[in-house]
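Atoms within a ligand are numbered from 1 in the order they appear, just like the ligands themselves.
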Amino acid sequence: MNITVIGTGYVGLVTGAVLADLGHQVTCLDIDKPKIDKLKQGISPIYEPGLDELINTNLQKRSLSFTINKQEAFSTAEVIFIAVGTPQSDQGAADLSYVEQAVKDIASVINHDVIIVMKSTVPIGTGDWVEQTLHLHKRSNSKFEVVSNPEFLREGFALHDSYNGDRIVIGAQQEYAGDTIQSLFNGLKVPVIRTNRRSAEMIKYASNAFLAVKISYINEIANLCEKLDVNVLEVADGMGADRRIGRSFLNPGIGYGGSCFPKDTEAIAYLGREYGAPLSIVESTIKANHRQRELFLQKVVDHFGGDLQGKRIGMLGLAFKPNTDDLREAPSLYLIEQLKKQGATVKAFDPVVKHLEECVDTLDYATQEVDAILLVTEWAEFIDLEVENIKIFDGRYVLQQDKEYSVL
Ligand code: NAD
């Protein structure tokens, strides 16, 4: 089918490349010209393993193209995916201004029937609102059907997850529209769950919030384990062996970051408050997550007797998790800001993120002539870290236990 994807970020770009790979004719539209110029040359603006190759293969096959021209993007589209950002706004609600602009763009150009698919994570009821907005702004008698198809990919494993995901959720009000969208993914061996639109929207938020709860839960258990001289990793393994619980997302550390969990937990908590059905567990999860990075910082401060003035800190990892260059809501940013505010200097090494002023070129340089090392992102290359006589604060519980709190 002829498909247009609006937004070439982590989700839109992967969606476009995978759909092209599945045999569709895909046009990706963005308002960011430098990004589109790069993509036209086959250069991915984001770090995502395997994505460059997939983009290049499909550019050569001419099944994938990039543009900033709405007319060009929409003129023959049978299906339009919206994959623009939905950042956090005041009081935690999702900011739908990018979605609104994309919807108005569609209405102002399209004069044929089209199915709009919402890939962006949006609050429950957004599909209804998009439908109304399209009808309000449309310039012809075109029929618009809005389908919810939330995205569950993990950055760093985006292609793997697209081809081997646990489920594809399709929420449609009209069966034909749901069938059409389901057929787009026929080449994938991923189970499909069909629901109505509002359920699909809720499945995304409820899933992300649940995963965040799991992370904050094990983090608080880890804090207690530390006081009681218990190895939390053994506890996580023991808990995770129970199939009702599962081992994934029981990795303790300095808390979640990234472009999804922080804003999605805030957005669903906001909905809970707004509709008088408070999500007290999610609210507590958000607080516990903030506290986790503060506790980590406090350990560093305490180690230096409460004074970080002049201390040289080597930071390992900047991205909010390994295998991505995404810095959005990364704990590293909070730590750098606080460490510098208290008089410390920071040398940071990340295998992919290179543009911050604290960045240094090599792991060796980040770990030499420093007073302490903070392991902030669990990139594979840090796990065998060998340094002598330097205190390491392992914010991800990945180093061997005996190194974790090695004393000067
Ligand atoms: P992103 O910020 O990386 O990319 C958004 C892109 O949309 C940008 O390139 C921006 O220039 C473009 N854009 C904005 N308005 C536009 C318009 N009117 N027309 C054309 N392009 C426009 O965002 P992302 O991380 O890909 O996330 C997109 C959505 O997917 C969000 O709702 C997010 O919550 C959700 N999501 C993200 C992930 C993830 O891992 N990043 C996973 C699942 C769901």
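- Judged by the 6.0 Å and 45° rule, Arg293 forms no cation-pi pair with Phe296.
- Residue Lys35 approaches ligand 1 through these ligand atoms, each under 4.0 Å from one of its heavy atoms: 8 (C), 9 (O).
- The Gly7 neighbourhood of ligand 1 comprises atoms 6 (C), 7 (O), 12 (C), 21 (N), with distances under 4.0 Å to a heavy atom of that residue.
- Residue contacts with ligand 1 for Cys260 involve side-chain atoms from C-beta outward but no N, CA, C or O (heavy atoms, distance under 4.0 Å).
- Among protein heavy atoms, atom 37 (C) of ligand 1 sits closest to Val11 CG2, 3.2 Å.
- For the side chain to side chain contact (heavy atoms under 4.5 Å, CB included) with Thr367, the lone residue among Ile392, Val387, Thr362 that qualifies is Val387.
- Within the 4.0 Å heavy-atom cutoff, Lys263 counts among the residues contacting ligand 1.
- Distances below 4.0 Å separate heavy atoms of Leu29 from the following atoms of ligand 1: 20 (C), 21 (N).
- Between Glu151 and ligand 1, a contact under 3.5 Å exists for no N or O pair.
- Shown here for Arg273 and Glu283, the closest heavy-atom pair between the two residues is NH1-OE2, 2.9 Å.
- Under 3.5 Å, the side chains of Asn323 and Tyr47 contain no donor-acceptor pair of N or O atoms.
- The protein non-hydrogen atom at the shortest distance from atom 41 (N) of ligand 1 is Glu155 OE2, 2.7 Å.
- Considering Thr27, Thr67, Thr4 as possible partners of Glu72, the one that fulfils the side chain to side chain donor-acceptor pair (under 3.5 Å) test is Thr67.
- The two residues Ser162 and Val190 make their nearest non-hydrogen contact at O-CG2, 4.1 Å.
- Geometrically, ligand 1 and Thr121 share a nitrogen or oxygen pair separated by less than 3.5 Å.
- Note: no N/O pair closer than 3.5 Å links Lys119 and ligand 1 by distance alone.
- With respect to atom 5 (C) of ligand 1, the closest heavy atom belonging to the protein is Gly85 N, 3.7 Å.
- Protein heavy atom nearest atom 32 (O) of ligand 1, with residue, atom name and distance: Thr86 OG1, 2.6 Å.
- In terms of N/O distances under 3.5 Å, ligand 1 is approached by Asp30.
- Residues Thr126 and Arg198 have side chains that never bring a donor and an acceptor to within less than 3.5 angstrom of each other.
- The shortest contact between atom 29 (C) of ligand 1 and any protein heavy atom is with Val84 O, 3.4 Å.
- The one candidate from His137, Glu131, Lys138 that meets the side chain to side chain donor-acceptor pair (under 3.5 Å) condition with His135 is Lys138.
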Residue pair Asp302, Gln298: steps toward the side-chain hydrogen bond (donor to acceptor under 3.5 Å, both in side chains) verdict: CA-CA 6 Å; Asp302 290 348; Gln298 196 54 49; 2.9 Å; yes
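- Protein heavy atom closest to atom 4 (O) of ligand 1, with residue, atom name and distance, is Gly9 CA, 3.2 Å.
- Below 3.5 Å of separation, one finds no N or O of Asp264 facing any N or O of ligand 1.
- By the 6.0 Å and 45° rule, Arg328 does not stack over the aromatic ring of Phe320.
- Ile6 CG2, 3.3 Å is the protein heavy atom nearest to atom 20 (C) of ligand 1.
- In this structure, Lys347 is positioned above the aromatic face of Tyr365, its NZ or CZ under 6.0 Å from the six-membered ring centre and within 45° of the axis.
- Taking the six-membered ring where tryptophan is involved, the planes of Phe249 and Phe261 are tilted, since the angle between them lies from 30° to 60°.
- In terms of polar-atom proximity, Tyr10 is counted as a contact of ligand 1, with an N or O under 3.5 Å from an N or O of the ligand.
- With ring centers used as reference points, His303 lies under 6.0 Å from Phe393.
- Residue Arg328 has at least one nitrogen or oxygen atom sitting less than 3.5 Å from a nitrogen or oxygen atom of ligand 1, judged on distance alone.
- Of the polar atoms of Lys204, none of the N or O atoms is found under 3.5 Å from an N or O of ligand 1, judged by distance alone.
- Of the protein's heavy atoms, Asp105 OD2, 3.7 Å lies nearest to atom 18 (N) of ligand 1.
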